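Just follow the structure's listing: the first ligand is 1, and inside any ligand the first atom is 1. On a predicted model such as this, the values are computed, not experimentally measured, just so you know.
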Amino acid sequence: MNRLYNALQLKRLYQLKQLGIRYVPLVEKRNAPATTLPNDLEALERIVAECRLCALCKTRTKTVFGEGDPNASLMFVGEGPGAQEDMTGRPFVGRAGELLTKMIENAIEIPRSSVYIANIVKCRPPNNRVPTPEEAYTCLPFLMKQIEIVSPKVVVALGATAYHYLTGDKSGITKVRGEVVDMGAYKLIPTYHPSYLLRNPSAKKEVYQDLLKIKRLLCEN
Ligand code: URA
């Protein structure tokens with residue numbers, strides 16, 4: 001809850017910065033409500049579809065909210081939509097998505113439809129560049145709300161961007177992959193992004209170990 005509140009405050013600061021305001025006195029509101037975002041995925045998706053809070057709205061075709069089982073115990077978080085996701089409005093439907101589906105169905109041995117899949121940013125960054133901190137922090141409250149609503153047991157951070165914005169830790173993905181991070185309400189496991197695996201197939205064996213670990217975590221009470 002606190003992390004969501006902090007992310008919302010950061011989002012407001014980045015919005016002000018984008019409007020040209022360089023200094024904002026911090027007003028402490030200890031009893032402020034944790035969020036003004038709805039506790040309902042469909043209502044949240046409608047807000048995201050209309051979002052104009054950062055410059056990515058100007059170049060997107062469709063917002064990519066996320067999809068899957070709203071009661072999933074396993075959630076995957078990527079970086080941001082690519083070209084095919086931008087066209088279809090669905091996460092991980094391109095080549096990286098095909099590989100992610102295989103990872104879920106062949107290694108964890110559950111259907112893709114039984115997990116929830118989302119991204120750090122909901123709009124495609126031009127030329128698939130890494131989202132800027134402004135874009136990521138502006139969008140992050142939507143993802144935090146999705147995590148709060150779905151309430152998964154395990155969240156898999158796909159790649160360094162997802163790991164960094166979900167945990168605040170700037171460590172490289174090679175160093176942290178496969179570690180289990182206790183996030184309080186859920187366990188987080190970072191692993192390599194499927195796009196990285198397409199370029200570096202030899203890293204698939206490490207990801208396979210991470211996926212087996214995820215499978216074991218899901219079976220624990
Ligand atoms: N890469 C991502 O990080 N997310 C997608 O939805 C697709 C590719």
Item to check | E85-ligand 1 polar pair, N/O distance under 3.5 Å | outcome: no
Checklist entry - Under 4.0 angstrom from ligand 1, any heavy atom of R90? => result no
Checklist entry - Is there a donor-acceptor pair under 3.5 Å between the side chain of K213 and the backbone N or O of G178? => result yes
Item to check | For atom 4 (N) of ligand 1, the protein heavy atom that lies nearest, with its residue and separation | outcome: N119 OD1, 2.8 Å
Next on the checklist: More than 12 heavy atoms of other residues, nucleotides or ligands under 6.0 Å from CG of N106: yes or no?
Outcome noted: yes
Next on the checklist: Once you measure the plane-to-plane angle for Y137 and Y165, does it fall in the parallel (<30°), tilted (30-60°) or perpendicular (>60°) bin?
Outcome noted: perpendicular
Checklist entry - Is there a side chain to side chain contact (heavy atoms under 4.5 Å, CB included) between M183 and V155 once you walk through the steps? => result CA-CA 9 Å; M183 300 292 287; V155 173; over 6 Å; no
Checklist entry - Can you get from V115 to L197 by hopping between Ile, Leu, Val, Met, Phe, Trp and Tyr side chains that sit under 4.5 Å apart? => result yes
Next on the checklist: If you measure every N or O of A96 against every N or O of ligand 1, does any of those distances drop under 3.5 Å?
Outcome noted: no
Next on the checklist: Heavy atom to atom 5 (C) of ligand 1, shortest distance: which of G80, A162, G159 holds it?
Outcome noted: G80
Checklist entry - Could K11 and F142 be counted as a cation-pi pair, given that NZ or CZ must be under 6.0 Å from the ring centre and within 45° of the axis? => result yes
Checklist entry - Would one find an N or O of S195, backbone or side chain, under 3.5 Å from an N or O of ligand 1? => result no
Checklist outcome for this item: G78 heavy atoms within 4.0 Å reach ligand 1 at atoms 3 (O)
Item to check | Side-chain donor or acceptor of N119 paired with backbone N/O of E79 under 3.5 Å | outcome: yes
Checklist entry - Which of the numbered atoms in ligand 1 are below 4.0 angstrom from a heavy atom of E79? => result 2 (C), 3 (O)
Item to check | Distance filter under 4.0 Å to H193 heavy atoms, resulting ligand 1 atoms | outcome: 1 (N), 2 (C), 3 (O)
